[in-house]
Amino acid sequence: MKIINTIEELQTIRKELSGTIGFVPTMGALHEGHISLIKNAREDNDIVIVSIFVNPTQFSVNEDLDKYPRRDAADKKICELCKVDYLFMPEINTMYKCDDEVLIKAPKISSFILEGEKRPGHYDGVLQVVLKLFNLVQPSNAYFGKKDAQQLSLISQMVKNLFLPINIVECEIIREQDGLAMSSRNVYLTQEERKEALAISKSLNVTIVSITKGQRDSKTIKDKMYEVMSNLDVEYVAIVNRDFEEIQTIEAKNTIILIACKVGTTRLIDNIWV
Ligand code: PAF
């Protein structure tokens with residue numbers, strides 16, 4: 001595996017590459033969720049490129065960029081074991097060379113609801129960095145997890161709207177054995193909070209069972225989910241279609257049920273695609 005730190009080196013290497021390129025952009029602190037994205041990329045492509053970059057423009061002023069977990073040595077080892085060909089690890093001033101840059105604006109409606117409402121400007125920053133990375137890597141396929149469902153939807157929309165010749169591959173949520181969705185933030189949970197957090201996946205499981213039994217009413221489903229998560233500080237439960245429009249009735253193969261909540265001081269998100 002070759003580690004690349006500069007734009008010049010990445011562009012020089014990219015010119016020489018042929019075959020399909022699978023790209024997995026990350027912010028590091030890699031866990032099983034990322035590993036499954038990398039494995040999918042490895043299976044589908046001739047070359048696999050992973051990036052690790054904690055992107056400052058997607059953090060708002062009250063979110064602590066410096067507190068974001070960084071585990072460069074462990075991440076490099078994981079990428080090596082997953083047979084990644086190139087690991088791109090730029091510094092902030094490599095990706096952002098001046099203060100007054102051309103900016104990307106995420107769509108007004110779908111980026112200012114749910115995660116976007118709680119984190120204004122977050123998706124502008126995500127799209128800005130993902131577009132920069134796409135332009136540098138020029139992947140055939142780019143891999144994103146369904147856990148960040150709104151991010152995945154907005155990146156897919158950017159690819160469509162800007163006519164980028166990239167296939168976005170949606171990858172399944174990876175869970176711990178007890179159901180907790182894998183997240184870099186899980187490390188912040190105390191043992192007690194870790195147990196409490198299981199109410200999140202439990203509420204999604206209860207929902208799957210009730211939909212299987214024929215329940216279609218969004219309000220009834222939401223009420224039950226709040227009840228199952230009564231021990232948690234739930235920010236929202238939302239039932240939307242794939243365009244992130246709120247729906248009153250579950251639509252088969254076109255519904256995402258999302259949760260954001262705080263467990264202690266840690267904010268967690270999870271969802272299911274129906
Ligand atoms: O999902 C993430 O880790 C980040 O939002 C991404 C897509 C790597 C952009 O910084």
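This is a predicted model, so every value here is computed, not measured.
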**Request:** Begin with the C-alpha distance, continue with both residues' side-chain angles, and end with the deciding distance and a verdict on side chain to side chain contact (heavy atoms under 4.5 Å, CB included) for Y86 and V48.
**Result:** CA-CA 7 Å; Y86 298 97; V48 174; over 6 Å; no
**Message:** Using the rule given for side chain to side chain contact (heavy atoms under 4.5 Å, CB included), can you reason through I78 versus I35, listing the C-alpha separation, both sets of side-chain angles and the distance that settles it, and then say yes or no?
**Reply:** CA-CA 8 Å; I78 290 171; I35 291 173; 3.7 Å; yes
**Item:** salt bridge (charged side-chain N to carboxylate O under 4.0 Å, His left out) between R216 and E251, worked out
**Value:** CA-CA 8 Å; R216 293 287 176 272; E251 298 168 13; over 6 Å; no
**Request:** Show the numbers, then the answer: is there a salt bridge (charged side-chain N to carboxylate O under 4.0 Å, His left out) between K262 and E193?
**Result:** CA-CA 10 Å; K262 271 210 163 150; E193 289 166 350; over 6 Å; no
**Prompt:** After noting the C-alpha distance and the side-chain angles of F88 and F53, does the key distance pass the side chain to side chain contact (heavy atoms under 4.5 Å, CB included) rule?
**Reply:** CA-CA 8 Å; F88 180 48; F53 178 62; over 6 Å; no
**Request:** Apply salt bridge (charged side-chain N to carboxylate O under 4.0 Å, His left out) to the pair R70 and D75, showing each step before the final yes or no.
**Result:** CA-CA 9 Å; R70 284 159 218 253; D75 288 349; over 6 Å; no
**Trace of the side chain to side chain contact (heavy atoms under 4.5 Å, CB included) decision for S60 with H122** = CA-CA 7 Å; S60 56; H122 169 68; over 6 Å; no
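In terms of heavy atoms, S18 sits closest to I47 at O-CG1, 4.0 Å. Between I52 and M27, the closest heavy-atom pair is CG2-C, 4.1 Å. Closest approach of S201 to R175, counting heavy atoms only: CB-NH1, 3.9 Å. Closest heavy-atom contact between S153 and R242: OG-O, 3.9 Å. Shown here for G116 and Y123, the closest heavy-atom pair between the two residues is N-CE1, 3.7 Å. Among all heavy-atom pairs drawn from H34 and G28, the shortest one is CE1-O, 3.8 Å.
Residues I166 and L127 share a hydrophobic cluster, clusters being chains of Ile/Leu/Val/Met/Phe/Trp/Tyr side chains in contact below 4.5 Å. Note on I168: it clusters hydrophobically with L131, by side-chain heavy-atom contacts below 4.5 Å among ILVMFWY residues. I104 and L164 fall within the same hydrophobic cluster, defined by Ile, Leu, Val, Met, Phe, Trp and Tyr side-chain heavy atoms under 4.5 Å apart, directly or through other members. Under the 4.5 Å side-chain heavy-atom criterion for Ile, Leu, Val, Met, Phe, Trp and Tyr, I155 and I21 are members of the same hydrophobic cluster. At a threshold of 4.5 Å between side-chain heavy atoms, the hydrophobic network of Ile, Leu, Val, Met, Phe, Trp and Tyr places M89 and V50 in one connected group.
Ion pairing between D223 and K219 holds under the 4.0 Å rule for side-chain N and carboxylate O. Salt-bridge check for K147 with E172: failed, with every basic side-chain N at 4.0 Å or more from each acidic carboxylate O. With salt bridges taken as basic N to acidic carboxylate O contacts below 4.0 Å, none links R267 and E63.
For the pair L154/P107, a side-chain contact is recorded, criterion being any heavy-atom separation below 4.5 Å from C-beta on. Taking 4.5 Å as the limit, every side-chain heavy atom of N241 sits out of range of all side-chain heavy atoms of T255. When side chains are defined from C-beta on, F144 does not count as touching C171, because their heavy atoms never get closer than 4.5 Å. Annotation: side chain of E176 is in contact with side chain of R194 (closest heavy-atom distance under 4.5 Å). When side chains are defined from C-beta on, V240 does not count as touching E245, because their heavy atoms never get closer than 4.5 Å. Side-chain atoms of V84 and I38, non-hydrogen and from C-beta on, do get closer than 4.5 Å to each other. Side-chain contact between Y96 and T57: present, with at least one pair of heavy atoms (C-beta onward) separated by less than 4.5 Å. Using a 4.5 Å cut-off on side-chain heavy atoms (C-beta onward), W273 and E170 make contact.
Hydrophobic clustering, defined by side-chain heavy atoms of Ile, Leu, Val, Met, Phe, Trp and Tyr closer than 4.5 Å, groups I211 together with L180, L189, L198, I200, L204, I208, I221, M225, Y226, M229, L232, V234, V237, I239, I247, I250, I257, I259, V263, L268, I272, V274. Hydrophobic cluster of Y188: the remaining members, joined at side-chain heavy-atom separations below 4.5 Å, are V187, listed by chain and number.
Distance check: R14 CZ to E9 CD gives 15.0 Å after rounding to the nearest 0.5 Å. In this structure, CZ in R119 is found 10.0 Å from CD in Q150, a value given to the nearest 0.5 Å. With rounding to the nearest 0.5 Å, the separation of NZ in K195 from CG in N231 is 12.5 Å. Note that NZ of K2 and CG of L10 are 11.0 Å apart. Values are rounded to the nearest 0.5 Å. Atom OG of S230 and atom CG of D233 lie 12.0 Å apart (nearest 0.5 Å). For the atom pair CG of N141 and OH of Y143, the computed distance is 4.0 Å after rounding to the nearest 0.5 Å.
Scored by the ring pair (Phe, Tyr, Trp, His ring centres under 6.0 Å) test, F59 finds Y68 as partners (sequence neighbours excluded). For Q11, the side chain to side chain contact (heavy atoms under 4.5 Å, CB included) partners are I7, L136, not counting sequence neighbours.
Every pair passing salt bridge (Lys or Arg N to Asp or Glu O under 4.0 Å) that includes a residue from residues 28-51 is listed here, sequence neighbours excluded: R42-D85. Applying the salt bridge (Lys or Arg N to Asp or Glu O under 4.0 Å) test to pairs two or more places apart or on separate chains, those with a residue in residues 88-108 are E101-K132, K105-D124.
No more than 12 heavy atoms of other residues, nucleotides or ligands lie within 6.0 Å of NZ in K224, so this atom counts as exposed by the packing criterion.
Counting only distance, with no hydrogens or angles, the side chain of S210 and the backbone of Q215 share no donor-acceptor pair below 3.5 Å. N186 places a side-chain N or O within 3.5 Å of a backbone atom of A181 that can act as its donor or acceptor partner. At distances below 3.5 Å, at least one donor-acceptor pair connects side-chain atoms of D217 with backbone N or O atoms of T220.
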